[in-house]
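Everything on this sheet refers to the single structure shown next.
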Amino acid sequence: MYQKFSIVYDQVMCEIPYDEWFEKLHALLRRQGKSSGHLCELGCGTGEMAGRFSNAGYEVTGIDLSPDMLAQAVNKKREGQEILYVNQDMTHFSLHKRADVVLCICDSINYLLDEEELLQAFQCVRDNLAEDGLFVFDMKTEYCYANILGDTVRVEDADGYTVIWENCYNREDKINEYMLTMFLYQEDVRLYERYDECHCQRAYTREEVEGLLSRAGLALQACYGAGMDQEPEEQEERMYFMAGVMS
């Protein structure tokens with residue numbers, strides 16, 4: 001997963017408003033008094049958000065399961081940025097020092113397909129979070145999978161690549177499957193080569209998430225919709241959770 005796709009990931013995701021997303025997250029953290037310190041990003045991918053938080057003055061540790069995505073992130077790292085990239089699983093990670101903030105966005109947590117995996121990830125966060133630290137993460141909602149993505153096909157066609165996304169959502173097990181078919185241009189042979197990847201994500205309810213946080217020793221402090229400043233609406237595509245160490 002995220003092997004060949006890592007090569008074109010940033011081009012395919014170029015419509016993501018990273019700057020706006022960062023500003024909202026940064027404002028949320030500042031409201032909680034977390035304007036600096038050690039920030040760990042789980043599922044950091046190609047380092048788009050890690051780089052922005054480093055530029056804002058945080059010491060950043062970026063963790064990702066995909067060495068290929070981390071290679072892209074390392075290539076983006078600029079002089080003066082205090083970022084450590086580590087190849088670890090978010091369900092079994094450890095940090096060199098406790099984090100003031102653990103961040104996990106862009107629906108990375110939805111890749112954990114059963115409650116036991118999600119609980120393990122939350123327990124790792126608890127073990128690596130400072131006692132007054134914050135855990136902020138987002139998740140795509142079942143509404144998004146069932147009504148926005150559903151059984152749809154998306155095609156991204158540009159110079160050097162074509163990516164075809166086929167989505168299939170199973171309402172019984174709440175698993176969304178993305179079948180990616182990629183045609184990447186190989187300059188040396190002047191041909192397109194085909195690659196296939198399968199990505200699966202699961203929808204969780206707010207109640208399920210809150211219960212698992214509690215079992216891991218974390219207390220849900222707030223749940224937000226897209227604006228990160230109010231409760232999620234019924235037809236919300238993404239929810240943001242903020243949790244801290246249970247007292």
Subject >> Residue pair Cys124 / Phe93: nearest heavy atoms and the distance that separates them >> reply: CB-CE2, 3.4 Å
Original post:
Between Thr162 and Val155, is any pair of side-chain heavy atoms under 4.5 Å apart?
Top reply: yes
Original post:
Mind checking whether Leu218 and Leu220 sit in one hydrophobic cluster, side chains of I, L, V, M, F, W, Y counted as touching below 4.5 Å?
Top reply: yes
Subject >> For Asn147, side chain to side chain donor-acceptor pair (under 3.5 Å) partners two or more places apart >> reply: none
**OP:** Under the salt bridge (charged side-chain N to carboxylate O under 4.0 Å, His left out) rule, what do Glu156 and Arg154 come out as? Steps first, then yes or no, please.
**Re:** CA-CA 7 Å; Glu156 296 283 343; Arg154 170 186 171 189; 2.7 Å; yes
Please tabulate, one pair per line, all N/O donor-acceptor pairs under 3.5 Å involving side-chain atoms of residues 31-38, not counting sequence neighbours.
| unit_1 | atom_1 | unit_2 | atom_2 | d |
| --- | --- | --- | --- | --- |
| Arg31 | NH2 | Met228 | O | 3.1 |
| Lys34 | NZ | Asp132 | O | 2.8 |
| His38 | ND1 | Lys97 | O | 3.4 |
| His38 | ND1 | Arg98 | O | 3.2 |
| His38 | NE2 | Thr61 | OG1 | 2.8 |

Subject >> Partner residues of Asn55 under the side-chain contact (heavy atoms from CB on, under 4.5 Å) criterion, sequence neighbours left out >> reply: Gln81
**OP:** Output all residues satisfying salt bridge (charged side-chain N to carboxylate O under 4.0 Å, His left out) with Glu131, sequence neighbours left out; order by chain, then residue number.
**Re:** Arg126
Original post:
Does Val86 reach the side chain of Asp64, with side-chain heavy atoms less than 4.5 Å apart?
Top reply: no
Original post:
Would you say Asn110's side chain and Met139's backbone share a donor-acceptor pair under 3.5 angstrom?
Top reply: no
Original post:
Are Ile105 and Met90 joined in one hydrophobic group, where the rule is that I, L, V, M, F, W and Y side chains link up if heavy atoms are under 4.5 Å apart?
Top reply: no
**OP:** Output all residues satisfying salt bridge (charged side-chain N to carboxylate O under 4.0 Å, His left out) with Asp107, sequence neighbours left out; order by chain, then residue number.
**Re:** Lys140, Arg238
**OP:** Look only at the side chain of Glu20 and the backbone of Pro17, and say whether a donor-acceptor pair between them is shorter than 3.5 Å.
**Re:** no
**OP:** For the pair Lys24 and Asp229, find out whether any cationic side-chain nitrogen is under 4.0 Å from an anionic carboxylate oxygen.
**Re:** no
Original post:
Yes or no on salt bridge (charged side-chain N to carboxylate O under 4.0 Å, His left out) for Glu231 and Arg206, after CA distance, side-chain angles and deciding distance?
Top reply: CA-CA 11 Å; Glu231 284 279 316; Arg206 174 176 174 171; 2.6 Å; yes
**OP:** Answer whether the closest heavy-atom distance between the side chains of Lys174 and Thr205 falls below 4.5 Å.
**Re:** yes
Original post:
Would you say Met239 and Leu212 are hydrophobically clustered, going by side-chain heavy atoms of ILVMFWY under 4.5 Å?
Top reply: yes
Subject >> salt bridge (charged side-chain N to carboxylate O under 4.0 Å, His left out) partners for Glu234, two or more places apart >> reply: none
Original post:
Does the side-chain contact (heavy atoms from CB on, under 4.5 Å) test come out yes or no for Met49 and Tyr18, once each step is laid out?
Top reply: CA-CA 7 Å; Met49 204 59 72; Tyr18 283 112; 4.0 Å; yes
Original post:
What pairs with Glu210 under salt bridge (charged side-chain N to carboxylate O under 4.0 Å, His left out), at least two apart in sequence or on another chain?
Top reply: none
Original post:
Does Leu65 reach the side chain of Tyr111, with side-chain heavy atoms less than 4.5 Å apart?
Top reply: no
Can you give the donor-acceptor pairs under 3.5 Å from side chains of residues 179-189 to other protein atoms, not counting sequence neighbours?
| unit_1 | atom_1 | unit_2 | atom_2 | d |
| --- | --- | --- | --- | --- |
| Thr181 | OG1 | Asp196 | OD1 | 3.2 |
| Gln186 | NE2 | Leu184 | O | 3.1 |

Subject >> Co-membership, hydrophobic cluster, residues Leu129 and Val136, 4.5 Å side-chain >> reply: no
Original post:
Can Glu193 and Tyr195 be counted as having a side-chain donor-acceptor contact under 3.5 angstrom?
Top reply: yes
Original post:
Do Thr91 and Asp89 have side-chain atoms, one donor and one acceptor, less than 3.5 Å apart?
Top reply: yes
**OP:** Decide yes or no for Leu134 and Gln221: does some side-chain heavy atom of the first lie under 4.5 Å from some side-chain heavy atom of the second?
**Re:** yes
Subject >> side-chain contact (heavy atoms from CB on, under 4.5 Å) between Cys223 and Met242, intermediate numbers included >> reply: CA-CA 6 Å; Cys223 184; Met242 183 172 69; over 6 Å; no
**OP:** Using the test side-chain contact (heavy atoms from CB on, under 4.5 Å), find all partners of Thr46 that sit at least two apart in sequence or belong to another chain.
**Re:** Tyr9, Asp10, Glu48, Met69, Gln72, Lys76
Original post:
Considering all heavy atoms of both residues, which atom of Gly43 and which atom of Ser108 are nearest to each other, and what is their separation?
Top reply: O-OG, 3.6 Å
Original post:
Given Tyr204 and Glu142, is the side chain to side chain donor-acceptor pair (under 3.5 Å) satisfied, shown in steps?
Top reply: CA-CA 7 Å; Tyr204 291 89; Glu142 183 170 17; over 6 Å; no
Original post:
Would you say Phe53 and Ile83 are hydrophobically clustered, going by side-chain heavy atoms of ILVMFWY under 4.5 Å?
Top reply: yes
**OP:** For Asn167 and Asn176, run side-chain contact (heavy atoms from CB on, under 4.5 Å): C-alpha distance rounded to whole Å, both residues' side-chain angles, the deciding distance at 0.1 Å, then the answer.
**Re:** CA-CA 7 Å; Asn167 294 293; Asn176 189 78; 3.8 Å; yes
Subject >> Nearest non-hydrogen partners of Glu208 and Ala203, listed with the distance >> reply: OE1-O, 4.5 Å
Original post:
Nearest 0.5 Å, what's the NE2-CD distance between His92 and Gln123?
Top reply: 9.0 Å
Subject >> Worked check of side-chain contact (heavy atoms from CB on, under 4.5 Å) between Glu41 and Cys104 >> reply: CA-CA 6 Å; Glu41 184 185 2; Cys104 189; over 6 Å; no
**OP:** Count the heavy atoms of every other residue, nucleotide or ligand shown that sit under 6.0 Å from CD of Glu233, and state whether that count exceeds 12.
**Re:** no
**OP:** Provide the closest heavy-atom pair for Cys200 versus Ile175 in the form atom of the first, atom of the second, distance.
**Re:** CB-CG2, 4.2 Å
Original post:
Roughly how far, to the nearest 0.5 Å, is CZ of Arg52 from CG of Leu25?
Top reply: 11.0 Å
Original post:
Do you see a donor-acceptor pair shorter than 3.5 Å between the side chains of His199 and Gln201?
Top reply: no
**OP:** Would you indicate whether the side-chain heavy atoms of Ser54 and Glu59 approach each other to under 4.5 Å?
**Re:** no
Subject >> For Ala56, side-chain contact (heavy atoms from CB on, under 4.5 Å) partners two or more places apart >> reply: Phe22, His26, Tyr58
**OP:** Look at atom CZ of Arg215 and say whether more than 12 heavy atoms of other residues, nucleotides or ligands are closer to it than 6.0 Å.
**Re:** no
Original post:
Taking all atoms of both residues into account, what is the closest heavy-atom pair of Ala73 and Tyr85, and its distance?
Top reply: CB-CZ, 3.6 Å
Original post:
What ring pair (Phe, Tyr, Trp, His ring centres under 6.0 Å) pairs are there with at least one residue in residues 114-154, not counting sequence neighbours?
Top reply: Phe122-Phe135, Phe122-Phe137, Phe135-Phe137, Phe137-Phe241, Tyr145-Tyr169
Subject >> For Leu149 against Tyr178, the heavy-atom pair lying closest together >> reply: CD1-OH, 3.5 Å
**OP:** Would you indicate whether the side-chain heavy atoms of Cys40 and Leu42 approach each other to under 4.5 Å?
**Re:** yes
**OP:** Give a yes or no on whether the backbone of Leu95 and the side-chain of Asn128 come within a donor-acceptor separation of less than 3.5 Å.
**Re:** yes
Under 3.5 Å, side-chain donor or acceptor atoms of residues 113-121 against the rest of the protein: list the pairs with distances, not counting sequence neighbours.
| unit_1 | atom_1 | unit_2 | atom_2 | d |
| --- | --- | --- | --- | --- |
| Asp114 | OD1 | Glu116 | N | 3.1 |
| Asp114 | OD1 | Glu117 | N | 2.8 |
| Glu117 | OE1 | Leu113 | N | 3.0 |

